[in-house]
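Working notes, beginning with the structure itself.
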Amino acid sequence: TSLSCWPEKPAHSRWPASKAQPMATRARKSESHPSRTVTSWAELMDLLFSDSWQEEIQRFRSPFVFRGISHRDFDLQSGILRLAGTSEEARRLEPHLLRSFRKYAQADAVAGMSIWRWLALAQHHGLPTRLLDWTWSPLVALHFVTENGARFREDGMVISVDTLGARQYLPGKLKRIIEEEATGVFSIEMLDRVSNTLPDFDQLHKQTFVAFLDPPALDARIVNQFAVFSIMNDAGARLDQWLAGHPELCRRIIIPAELKWEIRDKLDQANVAERMLFPGLDGLCRWLTRYYTPKQRVSRESEIRKYKLAS
């Protein structure tokens, strides 16, 4: 679902202002991004939905996408980069992975499928790609902060990125299309108008950039998770390093370990859980297993993990 008609960011933002950094600073650590540590559920909700009001359309429609992490490590490496280990190896492996995926996934494909649909399909089913998973729903992001009980003694984090602000760094061809459509993200059809191959996409700009892709409704899981993907014009690029040069686009909410139980229980009551986010019997069993695991056991496992990390 594309969000449209984005005006300027309101002046009453609860977040401190950040200025764009020069290219030379893009490899800085994540501390350059605005960061807040919350102390309550109410404060968390307030920050997650901050800057949602859009005056031009008189609606609360946030331009931010969200990613929940169960620990504080700020690492936005793509799957292909994690697999390859280096940028050079990621660039070398990508065409081989995608070629093999297209060869063996034909039963689930549609004739003449766009490279962008292939990429979304591969990412959705777990193949390491240059895409990163995000969601339009801050509550879905919170689920992934609190789904792993073994990390309940570690602080978690929600990272959000301003898709509207990221548009200004797009190359001219992409910027014209997204402005014509009056949206903050691309559809597969919009990307097809610019490039039909990843090498063509990579050559749209000499500098790295990030675009956001609204994937097609491949199945109920991708719909229920309100999913969106980020994509960069280099299989070896890291989004966290790019964002370090544009800290005004990125926010971090640190979630203390002591808040995780409250958040988890309230999400379950709001029906934001595996049963809905992973439709089917697998998701149902994951939810029941977590929901009925005794708190004492979860606490013991998280304590053991914390001890191992400390040693």
Side-chain angles (χ1 to χ4, degrees), residues 1-2 23 26 65 76-134 161 163 166-219 222 227-243 245-246:
T1 304
S2 296
M23 289 290 294
R26 293 190 181 184
V65 293
L76 291 179
Q77 292 189 73
S78 65
I80 186 84
L81 196 52
R82 292 182 189 279
L83 174 70
T86 66
S87 297
E88 292 75 15
E89 186 66 5
R91 298 181 189 108
R92 189 190 71 81
L93 281 179
E94 183 180 55
H96 299 290
L97 275 172
L98 289 176
R99 182 176 63 251
S100 296
F101 180 75
R102 293 173 72 168
K103 175 182 178 181
Y104 295 111
Q106 288 293 334
D108 296 310
V110 177
M113 268 177 46
S114 159
I115 182 59
W116 307 112
R117 187 179 181 93
W118 276 114
L119 201 59
L121 184 67
Q123 174 73 14
H124 185 55
H125 286 282
L127 188 74
T129 75
R130 68 169 70 185
L131 302 181
L132 273 177
D133 295 294
W134 300 81
V161 177
T163 60
R167 291 194 320 181
Q168 64 182 304
Y169 300 104
L170 292 172
K173 289 184 179 180
L174 290 176
K175 189 181 294 185
R176 283 192 294 272
I177 289 175
I178 207 167
E179 289 176 351
E180 288 172 5
E181 298 288 341
T183 182
V185 295
F186 290 91
S187 66
I188 284 176
E189 293 75 17
M190 291 165 66
L191 288 178
D192 276 335
R193 290 164 55 185
V194 177
S195 58
N196 295 314
T197 68
L198 286 174
D200 287 345
F201 181 78
D202 292 347
Q203 295 173 14
L204 287 174
H205 205 292
K206 293 181 179 180
Q207 304 293 339
T208 54
F209 63 85
V210 61
F212 290 90
L213 171 64
D214 247 344
L218 299 171
D219 57 21
I222 207 167
V228 60
F229 298 137
S230 63
I231 180 171
M232 301 188 73
N233 60 322
D234 179 1
R238 286 183 54 159
L239 182 55
D240 50 0
Q241 292 181 352
W242 186 86
L243 288 170
H246 309 286

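Annotation: side chain of Asp133 is in contact with side chain of Phe229 (closest heavy-atom distance under 4.5 Å). Taking the side chain as every heavy atom from C-beta outward, Leu198 and Arg130 approach each other to under 4.5 Å. Inter-residue side-chain proximity for Leu204 and Lys173 is flagged as met; some heavy-atom pair is nearer than 4.5 Å. Counting heavy atoms from C-beta outward, Trp242 and Leu76 have side chains that stay 4.5 Å or more apart. By the 4.5 Å heavy-atom criterion applied to side chains, Leu98 and Lys103 are not counted as neighbours. Between Leu239 and Ser230, some side-chain heavy-atom pair lies under the 4.5 Å cut-off. The shortest distance between side-chain heavy atoms of Arg117 and Leu218 falls below 4.5 Å. Between Met190 and Thr183 there is a side-chain heavy-atom pair separated by less than 4.5 Å.
To the nearest 0.5 Å, atom CG of residue Leu243 and atom CZ of residue Arg238 are 11.5 Å apart. Within the model, atoms CG of Asp202 and CZ of Arg91 stand 9.0 Å from one another, a figure rounded to the nearest 0.5 Å. In this structure, CH2 in Trp118 is found 15.5 Å from CD in Gln123, a value given to the nearest 0.5 Å. For the atom pair CG (Leu213) and CG (Leu132), the distance works out to 12.5 Å, reported to the nearest 0.5 Å. With rounding to the nearest 0.5 Å, the separation of CZ in Phe101 from CG in Leu121 is 4.0 Å. The OG1 atom of Thr163 sits 11.0 Å away from the CH2 atom of Trp134 when rounded to the nearest 0.5 Å.
The two residues Leu170 and Val210 make their nearest non-hydrogen contact at CD2-O, 3.4 Å. For the residue pair Arg167 and Gly184, the shortest heavy atom distance occurs at CD-CA, 4.2 Å. When all heavy atoms of Ala120 and Pro216 are compared, the pair lying nearest together is CB-CD, 4.4 Å. The shortest heavy-atom contact between Asn196 and Ile115 is O-CG2, 3.1 Å. The two residues Ala90 and Gly236 come nearest to each other via the heavy atoms CB-CA, 4.3 Å. Closest non-hydrogen pair, Leu191 versus Leu174, comes out as CD2-CD2, 4.0 Å.
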Query - Residues Leu97, Thr129; criterion side-chain contact (heavy atoms from CB on, under 4.5 Å); working and verdict - result: CA-CA 8 Å; Leu97 275 172; Thr129 75; over 6 Å; no
Requested in this report: Start with the C-alpha gap between Ser114 and Asp192, add the side-chain angles, then the distance that decides, and say whether side chain to side chain donor-acceptor pair (under 3.5 Å) holds.
Outcome: CA-CA 7 Å; Ser114 159; Asp192 276 335; 2.8 Å; yes
Query - Verdict with reasoning, Asp214 to Phe186, per side-chain contact (heavy atoms from CB on, under 4.5 Å) - result: CA-CA 6 Å; Asp214 247 344; Phe186 290 91; over 6 Å; no
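Between the side chain of Asp219 and the main chain of Ile222, a donor-acceptor pair closer than 3.5 Å is present. Looking at Lys175, its side chain never comes within 3.5 Å of a backbone N or O of Tyr169 through a donor-acceptor pair.
Not counting sequence neighbours, the partners of Ser78 by the side-chain contact (heavy atoms from CB on, under 4.5 Å) test are Ile80, Leu81. Residues passing the ring-ring contact (aromatic ring centres under 6.0 Å, His included) test with Phe209, sequence neighbours excluded: Phe201. A search for side-chain contact (heavy atoms from CB on, under 4.5 Å) contacts involving Asp200 returns Ser195, Thr197, not counting sequence neighbours.
Taking a cutoff of 4.0 Å between a charged side-chain nitrogen and a carboxylate oxygen, Arg176 and Glu179 do not qualify as a salt bridge. Salt bridge status for Arg193 with Glu181: present, with a side-chain N to carboxylate O gap under 4.0 Å.
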